[in-house]
Amino acid sequence: MDNAVARGVLYFLIAILTPVFLNVVWQYLPRPKSEPPLVFHWLPIIGNAIEYGTDPLNFYRRCRAKHGDIFTFVLLGKHMTVCLGPEGNEFVLNGKISDVNAEDIYGPLTTPVFGSDIIYDCPNAKLMEQKKFVKFGLTQQALEAHVPLIENEVLSYLKSNPKFHGIRGKVNVSAAMAEITIFTAGRALQGAEVRKRLTADFAELYHDLDMGFQPINFLIPWAPLPQNRRRDLAHLKMRSVYMDLISDRRKSAGSKTAGDANEEPDMISNLMNCVYKNGQAVPDKEIANMMITLLMGGQHSSSSASAWIMLRLASQPSIAEELYEEQLRNLGPDTTRALSLSDLSKLPLLSNVVKETLRVHSSIHTLMRKVMRPIVVPRSDYVITPDKVLVSSPIMSHMSSEHFPNPNVWDPHRWDNYDIEDGDDIVDYGYGATSKGTKSPYLPFGAGRHRCIGEKFAYLNLSTIILTIVRNLKLKTLDGTSSVPPTDYTSLFSRPVQSAEILWERRRLDLS
Ligand code: HEM
């Protein structure tokens, strides 16, 4: 190696190692008592991204063991302060609107996908009104109508989809449940016309939009990448599908109230009849964007939860058989009788299977809020400054032995004689009365002003899908053991590894 090359290599190493060295030294300098402990990291900017991205729960566990419930880690240049446990959840999720906000964090990622003037692209008070409008569309009557629609979608999938041809077979769980959940939510939440369009073309639009949910888009959603161009085009096309549909309905409604022309009342007709407090009817573009949000918003969590339930039932067929027996006992011996909403309330084990799966496998492991001004953490010396992003991770208390004995064991029966206190602290943030969730270590749907609006629908959808499958199929793992596949954390929403397969066998041959 001649001298010039050696010098070049030396300068290069100095350029690389100096920031690393300074970053390490900086971490050992005394820190003010008001700053939460900082998780050690070798690389500036990248920080703890690799450990966090590979397995966020283990990362949080290790940090908690070392630093306690409150600590800060560095994620691609951002300082993330994590507050764990019910007190941490309360602090982050029920923070004052002047202290913390969701839109500055989620908006860059979600606005290109969902569209403008809704959800995180509008003032919080407007979002609260929009959540109330969606709640209007999820009345008891609407939920009652949803159950048979969902059951029919599952039955026709089991009957006609090539994945379930024959008497027995092997199925890729994630792929099948992603399709089933989009068809059921499409039919029930979005209505008959949208369901009809859930064909290959629409699936492609959905896929291109979904690709907008890349973690990198939290930082640079505007990057001129091919996937972002496809995302933007897909949003425009999807929006015009809904806007054309709304305009057709308005035309055919003629002089009648908008929405009346549609025989089957659905979410679109509900939103067409909603009026903001200032007297303005919801503009068509906002209705279209809200429908896109509902389509995309619940899909990942629902498809991941249903895939996990299938994997868990395959790994513990005795629970699947108990579910089958429960419905024979409580709904009668005719397993072809159409299901209704009231049937679901007679099946406590079914509900507990959903509940337990959401405890162990919540797909949203990191809830984030931007800090707007310095906030004192109650009963501590810490002050969280506006350079931080606050993080709550309810799944950490779901998986903690302080709250749930043997937390890693999936056991729906743990809920048999036990119900978790959701808290009696009822509050209305503008979308109806909701529990603050302050005391509960179990918050799969979040808490506070951003609590999920799809909870009832998600339960009903998951319960009906699983009940219909258990009525028709027996499930088991490929190797007959009780093992379940690992979690895939590579996308924004955690889910079972995409290759996971199980075996199925029909209970009755007339459906094959
Ligand atoms: C198993 C299924 C589901 C789970 C586990 C789930 C979980 C959650 C969680 C944890 C949040 C809070 C996010 C935060 O605080 O940062 C949330 C918000 C939300 N969810 Fe769900 N969700 C599910 C299904 C659904 C469905 C079916 C819909 C649509 C009908 C939906 C629509 C929404 C919307 C629009 C928000 C944003 C609310 C806001 O920011 O104010 N979710 N969900």
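Every number for a ligand or one of its atoms is a count from 1 in the order of the listing.
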Counting each atom of ligand 1 from 1 as listed, which ones have a heavy atom of Arg369 under 4.0 Å away? 14 (C), 15 (O), 16 (O)
In chain order, what residues pass the salt bridge (charged side-chain N to carboxylate O under 4.0 Å, His left out) check against Arg449, with sequence neighbours excluded? none
Once the angle between the rings of Phe445 and Tyr459 is folded into 0 to 90°, is it parallel (under 30°), tilted (30 to 60°) or perpendicular (over 60°)? tilted
With Ser392 as reference, evaluate Thr366, Asn94, Asn89 under the side chain to side chain donor-acceptor pair (under 3.5 Å) test and give the passing residue. Asn89
Using the ring of each side chain (for Trp, its six-membered ring), is Tyr429 parallel, tilted or perpendicular to Tyr431, with breaks at 30° and 60°? parallel
Ion pair Arg471/Glu151, N-O distance below 4.0 Å: yes
Sub-4.0 Å heavy-atom approach of Tyr431 to ligand 1: no
Does Pro444 come within less than 4.0 Å of ligand 1, judged by its heavy atoms? yes
Atoms in ligand 1 flagged as close to Lys131, the criterion being non-hydrogen separation under 4.0 Å: 38 (C), 39 (C), 41 (O)
Taking the six-membered ring for Trp, are Phe183 and Tyr157 parallel (under 30°), tilted (30 to 60°) or perpendicular (over 60°)? tilted
Residue portion contacting ligand 1 (non-hydrogen atoms closer than 4.0 Å) for Lys135: neither
Parallel, tilted or perpendicular, as decided by the 30° and 60° cut-offs, for the rings of Phe457 and His146: perpendicular
Quick one: which ligand 1 atoms are inside 4.0 Å of a heavy atom on Leu127? 41 (O)
Applying side-chain contact (heavy atoms from CB on, under 4.5 Å), can you list everything that pairs with Asp232, at least two apart in sequence or on another chain? Pro112
Check: His450 N/O within less than 3.5 Å of ligand 1 N/O: yes
Sub-3.5 Å N/O-N/O distance, Tyr106 and ligand 1: yes
Below 4.0 Å from any atom of ligand 1, is there a heavy atom belonging to Arg449? yes
Nearest non-hydrogen protein atom, atom 13 (C) of ligand 1: Leu367 CD2, 3.8 Å
Under 30°, 30 to 60°, or over 60°: which ring-plane class applies to Phe404 and Trp415, parallel, tilted or perpendicular? tilted
Geometric class of the Tyr489/His365 ring pair [parallel <30°, tilted 30-60°, perpendicular >60°]: perpendicular
When you compare the side chain of Glu501 with that of Val173, does any pair of heavy atoms fall below 4.5 Å? no
Report yes or no: does a heavy atom of Met368 sit under 4.0 Å from some atom of ligand 1? no
Return yes when at least one protein heavy atom is under 4.0 Å from atom 19 (C) of ligand 1, and no when none is. yes
Is it the side chain, the backbone, both or neither of Leu189 that has a heavy atom closer than 4.0 Å to ligand 1? side chain
Check each atom of ligand 1 against the heavy atoms of Tyr120 and keep those under 4.0 Å away; list them by number with element. 37 (C), 39 (C), 40 (O)
In the protein, which heavy atom is nearest to atom 29 (C) of ligand 1, and how far is it? Leu294 CD2, 3.8 Å
Would you please name every residue forming a salt bridge (charged side-chain N to carboxylate O under 4.0 Å, His left out) with Asp117, sequence neighbours left out? Lys285
Could you give me a count of protein N/O/S atoms that are under 2.8 Å from atom 21 (Fe) of ligand 1? 1
Step through it carefully: locate the ring centre of Phe114, locate the ring centre of Tyr120, and say whether they are under 6.0 Å apart. no
